[in-house]
Amino acid sequence: MCGIVGWVAFGADLRNELDIVDAMADTMACRGPDDRGTWLSDHAALGHRRLSVIDLAGGRQPMVEETADGTLVLVYSGEAYNFRELRDALVARGHCFETHSDTEVVLRAYLEWGSAVAERLNGMYAFAVWDARVGQLVMVRDRLGVKPLYYYETADGVLFGSEPKAILANPLAEHVVGLDGLRDMFSQAKSPDMAVWDGMREVEPGCVVTVQRNGTRAVRYWSVPTREHTDSRDATVIHVRELLEDIVARQLVSDVPRCTLLSGGLDSSVITEIAAAQLAREGETVRSFSVDYAGQTERFVADAARDAPDTPFAHAVSAHAGTEHQDILLDPDALTDLEVRAAVVRSRDIPQGLGDMDTSMYLLFREVRARSTVALSGESADEIFGGYREFFSREAQQARTFPWLTDVTPMRGLDAETLDPGLRTALELPDYVQDTYDTAVAAVPRLDGDDDHDYRMRQMSHLYLTRFLRLLLDRKDRLSMAAGLEVRVPFCDHRLVEYVYNVPWPLKTYDGREKSLLRGAAADLLPSSVLGRTKANYPATQDPTYVTKLRGICRDYVVGSRHPVVELVDREWLTNAVVDDGPARPSVRRSLERTIDLAIWLDLYNPTLKI
């Protein structure tokens, strides 16, 4: 797992720009604390920061291949889980390898198949190849968007990087955020290639972007396929289990210590149990980690997002699977530490977080990294198997907006009513969200034979997979890599996604509950208490001291210092929010958190806001 950067300039000579390229790469030192490398030529410069995971000695980058027709240079972030099969296929075609790394497999696969290599990879990856044979840059991103990749077109080429901060470190990139960027930041209506910063775009998941002298071209090599599902219920459950066994086995491959992130929910418990069983056959014990808050289990109060504390369930799975388990215990002081919150905002480059749930995840990853380098996570099972309560809500099914923006769910953005009235008017958020939704839902193919309800459920699944999941994957990647931890997401294997997406909704919920297929596939793995557990969101602290500290920060850091953020929020709301000493509604708590994060972002990046 790494950070990659680059600069292509067809009208300039970059051989003297080492300092700038190194500065771009150094913004992501946390992504690659183990090694660094830079390669310069006349029209291309590539940089790399490395977190060593596979072939610790032989996987250095940028990786260069000299051919009779010109030079190829690769910078690569991620893991190709089928690299061994690809290596065997390439050896059969006459390729010779100097290392055991998946990086060299990707480079030689590009030599063999060009940009079509993307269609042969199974994994999470973002990479760029400077192909001097034809004078072009090729950027590739994995199918689901697990690993990030951004680019910024210039007058004579392009800048690119794993994170926006790397691009912003180049003097050619302007630190400007316009209305569309603010709309995307405040709405949680994710636009496919929006990067918030003016002029910057994401390489979309499942896409190849090619940069040549005559311009930039994006081609999609993968999208969620729509096809008829003909397997019986039993066959479907069996196949899901077979896929999960194979996926976890592939993702356990590592030359550094591994672990699992265990919440005690169905998703992470399935991954932990499978990993534990597989490693036990090799004489190894899985390490597992959970996050918890001081006193949370003892004073837990059920709410709309969680009906029980996680810790007892995580401990039950740990005991059942025989893991070496550790709880990472946090308190309000840690969650409101401004240096920690600044690290979280900087990791994401925008203040689009989830408050204490982001801060606690970062602190969890930081503690895990002290003991392991690679962690397996249960991310994306809800999007694939239908775990969210919106799937079962008639209101959300009938709503003509993104399901996660309905009143059914607590996953909301900054409450628009807490924004400055003038900014609120300028943003026109309701229109922006509606336009974004209409574009997204129009792209969902309808299968012959789908009735209106079948099609609506297909639409909802598609929206979660192609829009909401990207928010969660970006969050997990940024927060984990800020701690130098590689997090792998087995449920994002494209084979599993393609298969389960096309299972009809009645079969996907055959026992009348969420995630029936996953529960069926894991029926023999889990303790009964966990197998029957209702979906619960990532835990948030319920300690009232946390909100008190948020109000204090807003009072001192924002109001008392006349921070520029007061120009972006409703002053009357802010004044009332900081003097109130009673319990805070969830919407008020979220808005306090995001006001603080917005203030931190303005201090860190000093962006020019075009409002």
If you compare all heavy atoms of [X] against all heavy atoms of [Y], which two are closest, and at what distance to 0.1 Å?
{"X": "A44", "Y": "W39", "result": "O-CZ3, 3.7 Å"}
{"X": "S191", "Y": "D184", "result": "N-OD1, 3.2 Å"}
{"X": "F10", "Y": "G135", "result": "CE2-O, 3.5 Å"}
{"X": "R369", "Y": "A483", "result": "CG-O, 3.0 Å"}
{"X": "L602", "Y": "P564", "result": "CD1-C, 4.3 Å"}
{"X": "P490", "Y": "I247", "result": "O-CG2, 3.3 Å"}

(request) Check the pair K476, S377 against side-chain hydrogen bond (donor to acceptor under 3.5 Å, both in side chains), reporting the backbone distance first and the verdict last. (result) CA-CA 10 Å; K476 182 144 284 183; S377 168; 2.8 Å; yes

(request) Please determine if E486 and R488 form a salt bridge, counting it only when a charged side-chain N lies under 4.0 Å from a carboxylate O. (result) yes

(message) So that I can tick it off, tell me whether D597 and R594 are bridged by a salt bridge, with the cut-off set at under 4.0 angstrom between side-chain N and carboxylate O.
(response) no

Does the [X] side chain pair with the main chain of [Y], one donor and one acceptor, at a distance under 3.5 Å?
{"X": "H43", "Y": "D13", "result": "no"}
{"X": "R220", "Y": "P205", "result": "yes"}
{"X": "D142", "Y": "A126", "result": "no"}
{"X": "T99", "Y": "S101", "result": "yes"}
{"X": "H325", "Y": "R287", "result": "no"}
{"X": "R348", "Y": "V344", "result": "no"}
{"X": "Q278", "Y": "A249", "result": "yes"}

(request) Show the numbers, then the answer: is there a side chain to side chain contact (heavy atoms under 4.5 Å, CB included) between V5 and V75? (result) CA-CA 8 Å; V5 299; V75 282; over 6 Å; no

So do [Y] and [X] actually touch side chain to side chain, heavy atoms under 4.5 Å?
{"X": "D493", "Y": "N122", "value": "yes"}
{"X": "L473", "Y": "M124", "value": "no"}
{"X": "V209", "Y": "T216", "value": "yes"}
{"X": "L90", "Y": "E112", "value": "yes"}
{"X": "S269", "Y": "L262", "value": "yes"}
{"X": "R31", "Y": "C2", "value": "no"}
{"X": "L40", "Y": "L46", "value": "no"}
{"X": "E593", "Y": "D356", "value": "yes"}

(request) Show the numbers, then the answer: is there a salt bridge (charged side-chain N to carboxylate O under 4.0 Å, His left out) between D358 and R341? (result) CA-CA 9 Å; D358 273 2; R341 295 190 85 99; over 6 Å; no

(request) Test M63 against every option in E98, R108, E104, H48 by the side chain to side chain contact (heavy atoms under 4.5 Å, CB included) rule and name the one that passes. (result) E104

(request) Run through L121, D102, V106 and flag the one making a side chain to side chain contact (heavy atoms under 4.5 Å, CB included) with F83. (result) D102

(message) Go through it in stages, so that I can follow the logic: the residues are R495 and D246, the test is salt bridge (charged side-chain N to carboxylate O under 4.0 Å, His left out), and I'd like the CA-CA distance, side-chain angles, deciding distance and then a yes or no.
(response) CA-CA 11 Å; R495 299 169 298 162; D246 179 69; 2.9 Å; yes

May I ask you to check whether over 12 heavy atoms, not counting those of [X], lie within 6.0 Å of atom [atom1]?
{"X": "E339", "atom1": "CD", "value": "no"}
{"X": "R371", "atom1": "CZ", "value": "yes"}
{"X": "E174", "atom1": "CD", "value": "no"}
{"X": "N214", "atom1": "CG", "value": "yes"}

(message) Walk me through whether E284 and R258 qualify under salt bridge (charged side-chain N to carboxylate O under 4.0 Å, His left out).
(response) CA-CA 10 Å; E284 294 187 41; R258 302 153 292 188; 2.5 Å; yes

(request) Please assess R84 against D88 for the test salt bridge (charged side-chain N to carboxylate O under 4.0 Å, His left out), listing each intermediate value before the final yes or no. (result) CA-CA 6 Å; R84 289 171 173 167; D88 290 343; over 6 Å; no

(request) Take E79 and Q251 through the side-chain hydrogen bond (donor to acceptor under 3.5 Å, both in side chains) test and state the conclusion after the steps. (result) CA-CA 9 Å; E79 305 291 347; Q251 298 198 18; over 6 Å; no

Can you tell me how far [atom2] of [Y] sits from [atom1] of [X], rounded to the nearest 0.5 angstrom?
{"X": "T71", "Y": "E66", "atom1": "OG1", "atom2": "CD", "result": "3.5 Å"}
{"X": "L74", "Y": "D131", "atom1": "CG", "atom2": "CG", "result": "11.5 Å"}
{"X": "L86", "Y": "R120", "atom1": "CG", "atom2": "CZ", "result": "8.0 Å"}
{"X": "L376", "Y": "S254", "atom1": "CG", "atom2": "OG", "result": "10.0 Å"}
{"X": "R49", "Y": "T27", "atom1": "CZ", "atom2": "OG1", "result": "9.5 Å"}
{"X": "E204", "Y": "M194", "atom1": "CD", "atom2": "CE", "result": "11.5 Å"}

(request) List for me each residue that meets side chain to side chain donor-acceptor pair (under 3.5 Å) alongside R213, sequence neighbours excluded, and say none if there are none. (result) none

Check the side chains of [Y] and [X] for a donor-acceptor pair under 3.5 angstrom, ignoring hydrogens and angles.
{"X": "S360", "Y": "Y538", "value": "yes"}
{"X": "Y152", "Y": "N170", "value": "no"}
{"X": "S268", "Y": "S263", "value": "yes"}

(message) One pair to check against side chain to side chain contact (heavy atoms under 4.5 Å, CB included): Y110 and L72. What are the steps and the verdict?
(response) CA-CA 9 Å; Y110 178 86; L72 288 176; 3.7 Å; yes

(request) Would you check if the distance from the ring center of W404 to the ring center of Y464 is below 6.0 Å? (result) yes

(request) Would you confirm whether the ring centroid of W197 sits within less than 6.0 angstrom of the ring centroid of W601? (result) yes

(request) Using the six-membered ring of F127, assess whether NZ or CZ of R141 lies under 6.0 Å from its centre and within 45 degrees of the ring axis. (result) no

(message) Within 45 degrees of the ring normal and closer than 6.0 Å to the centroid, is that where the cationic atom of R201 sits relative to Y150?
(response) no

(message) Run Q136 and V211 through side chain to side chain contact (heavy atoms under 4.5 Å, CB included) and show every step you take.
(response) CA-CA 6 Å; Q136 71 176 17; V211 181; over 6 Å; no

(request) Test T154 against D156 for side chain to side chain contact (heavy atoms under 4.5 Å, CB included), laying out the working first. (result) CA-CA 5 Å; T154 64; D156 66 342; 3.5 Å; yes

